[in-house]
Amino acid sequence: MLLADQPIPVYTNLTDLYGSFGSSLNHAVRWNELTEEFKSRFGRPPTYIVRAPGRVNLIGEHIDYALFGVLPTAVERDILIACAPRPGDSPGSVVAENLNAKYSKQDFAPTTISDGKAEGWHLDIDKKELRWESYVKAGYYGVLSHYFPKSTDKPVPVDMLVTGSVPAGSGLSSSAAMVVASTLTFLAVNNKLEQVQGSEHKPLSKGNLVTMAMENEKRVGVNSGGMDQAASVMSNASSALYITFYPTLSASPLPLPQRALFIITNSLVVSDKAVTAKHRYNLRVVETLVGARVLARALGIKLHDVHGEGHGHGHGHGHNKTKWEKVTYREVLGRFVNEPQGCGPEGDMGPESLIIALKGILTKLNCLLPQRIRGAAARERESEELGVTMEEMIEMSGLSPKVFHEVYLSWVDVEATHFQLYKRAKHVFSESLRVLQFRKICLDAADNLPFRSISNKASTNNEPDRLGQLMNESQKSCSDVFECSCPELDLLTKLCREAGAYGSRLTGAGWGGCAVSLVAEDKAEAFIQKIKETYPPYKDLEGPKLEEVIFATRPSSGACGGFFKFWCRKVD
Ligand code: NG1
């Protein structure tokens with residue numbers, strides 16, 4: 001069965017969940033503490049505990065929203081939410097508490113609003129300031145709108161208690177883990193983990209949960225791709241995931257190198273994605289989307305704009321309004337090479353053809369440079385010169401200013417004087433190529449069998465070196481071309497390489513957060529010691545404080561529910 005079609009697992013013991021008795025013991029204390037605390041705060045045991053892990057992206061940064069494949073794996077660090085329906089309270093109301101005292105208790109209920117035609121749910125979500133409960137509400141929103149379409153359908157009142165071990169703002173996707181966990185909580189307490197279709201009960205699939213969590217996270221104000229939610233939901237405990245988004249969401253396990261570890265190091269620069277979205281994350285989303293339209297036009301590629309009456313400038317009315325396609329780079333690439341549908345395992349042209357197509361399109365990007373410097377050697381130019389102004393960008397898109405704003409700016413807040421269409425495209429296509437090369441190295445080395453079961457295969461062809469080199473190239477591209485690194489991450493990844501890593505790169509959105517390094521298993525300890533000595537912010541850290549910021553990670557299983565009554569035992 002395809003990963004996306006599998007049901008959300010519901011475990012009745014921690015050994016099944018964590019894959020081994022040993023790892024489950026490490027986690028049992030936390031699950032029990034959460035349960036005991038829930039009982040003492042709410043006076044009864046939780047009915048469910050849901051879990052959603054954070055993730056580390058091994059390679060493939062800022063390309064998911066261009067619909068190119070990425071290579072993350074879920075990490076052991078996770079969000080746990082204990083929950084139970086609250087008897088007798090008003091429908092849909094929520095009491096949300098957090099074990100971390102810095103996140104204050106929240107008490108809220110959805111209200112209904114009407115736009116004259118239909119009634120919808122409303123929850124106050126503050127997009128200006130990052131608040132922990134926004135992620136809880138974002139998850140709730142999707143469940144309300146999908147499963148309680150009429151305000152006459154009443155969701156149950158809920159008590160919930162949250163605990164998390166994914167550091168916030170660190171590029172390990174604590175936000176997606178929170179939204180996935182919250183979505184799952186409200187589904188579970190409202191008995192929606194199964195859908196009734198005719199006379200059949202069908203379990204909710206992992207793909208359904210990913211789609212919902214992606215929609216839900218947009219409520220917090222970030223127009224994210226789907227990598228984090230997919231990794232948090234679909235990972236398994238023995239491999240990374242190759243996630244593709246085109247033509248539809250699909251994921252397949254990827255065996256990882258033997259005798260090499262991925263080590264996470266936190267730069268300790270907090271990257272607050274929601275608050276800085278205007279000139280960072282969301283700006284990159286707009287730059288890549290507009291670039292795709294400009295490139296398509298320059299390459300003579302047909303856009304699927306659907307013209308209504310009064311077409312041309314989008315002045316149509318009602319259902320006759322022109323619909324402008326928000327084409328992505330992946331779609332442009334497919335049309336560029338007349339991609340046949342449905343031939344590869346992911347329903348696309350397949351990885352070999354994709355590699356050739358990417359190499360081809362990388363030579364066609366000059367049309368994204370400003371007219372004034374086209375033909376000149378772009379490499380030596382300053383960023384500003386390579387960027388285009390808003391006026392230039394609108395002209396290159398071939399749309400009227402009004403339509404341009406409607407299509408590309410009305411749904412998102414961005415701030416910039418220059419838009420770097422050329423540089424962003426260069427990163428997107430070259431990074432997508434690196435993902436496919438990384439994947440091929442892993443697959444070839446594993447001979448399509450689980451890597452870890454093959455003796456010594458990984459070291460025979462220098463795979464870790466080749467993987468490391470791709471990671472280093474990715475870091476360089478993120479730093480110089482996509483401009484999503486920061487001085488601390490540049491320094492940290494350099495120090496990681498000097499400390500013996502095969503390769504090191506930022507992971508996640510960047511501008512702070514964590515780096516991920518590929519390190520030989522037998523060098524891990526020396527590596528950690530070296531980084532502690534050389535990365536200035538780590539100098540005074542010892543013991544658990546040091547383990548908080550630098551740690552090896554194993555792939556972990558994805559989001560799940562746990563039935564309280566079966567597994568909960570006191571662990572001494
Ligand atoms: P982080 O900030 O690490 O959660 C973000 C996006 C991803 C992806 C990466 C960059 C969200 C929730 N996640 O990850 O989809 O675009 O940046 O590769 O916005």
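Whatever order the structure lists ligands and atoms in, that order sets their numbers, starting from 1. Predicted model only: the values in this text are computed from it and were never measured.
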Worksheet item: For atom 7 (C) of ligand 1, which candidate among L506, I59, D64 provides the closest heavy atom?
Response: D64
Discussion item. For K532, run the side chain to side chain contact (heavy atoms under 4.5 Å, CB included) check against L546, V549, I550 and tell me which one passes.
Written reply: L546
Worksheet entry | K494 atom NZ: more than 12 heavy-atom contacts under 6.0 Å | no
Worksheet item: Which ligand 1 atoms are under 4.0 Å away from a heavy-atom of E61?
Response: 10 (C), 18 (O)
Worksheet item: Can you check whether D228 has an N/O within less than 3.5 Å of an N/O in ligand 1?
Response: yes
Practice prompt. Please say whether Y281 places an N or O atom under 3.5 Å from an N or O atom belonging to ligand 1.
Written response: yes
Worksheet item: For ligand 1, is A176 a contact, meaning one of its heavy atoms is under 4.0 Å away?
Response: no
Worksheet item: Any idea how Y65 and Y281 line up, ring-wise: parallel (<30°), tilted (30 to 60°), or perpendicular (>60°)?
Response: perpendicular
Discussion item. Using 30° and 60° as the class boundaries, would you call the ring planes of F186 and Y140 parallel, tilted or perpendicular?
Written reply: parallel
Discussion item. Distance under 4.0 Å to a non-hydrogen atom of M227: what atoms of ligand 1 satisfy this?
Written reply: 8 (C), 9 (C), 18 (O)
Discussion item. If you compare all heavy atoms of V166 against all heavy atoms of S173, which two are closest, and at what distance to 0.1 Å?
Written reply: CG1-C, 4.4 Å
Worksheet item: Is the closest side-chain donor-acceptor distance between Q106 and S104 under 3.5 Å?
Response: yes
Worksheet, complete the sentence: A student checking ligand 1 against E217 at a 4.0 Å heavy-atom cut-off should list atoms 12 (C)
Worksheet item: Are the ring centres of Y329 and F429 closer than 6.0 Å?
Response: yes
Worksheet entry | Numbered atoms of ligand 1 (with element) below 4.0 Å of Y65, judged on heavy atoms | 16 (O)
Discussion item. As an exercise, identify every atom of ligand 1 less than 4.0 angstrom from a heavy atom of G171.
Written reply: 3 (O)
Response to the item:
Of K218, E431, H62, R55, the one whose closest heavy atom lies nearest atom 18 (O) of ligand 1 is H62
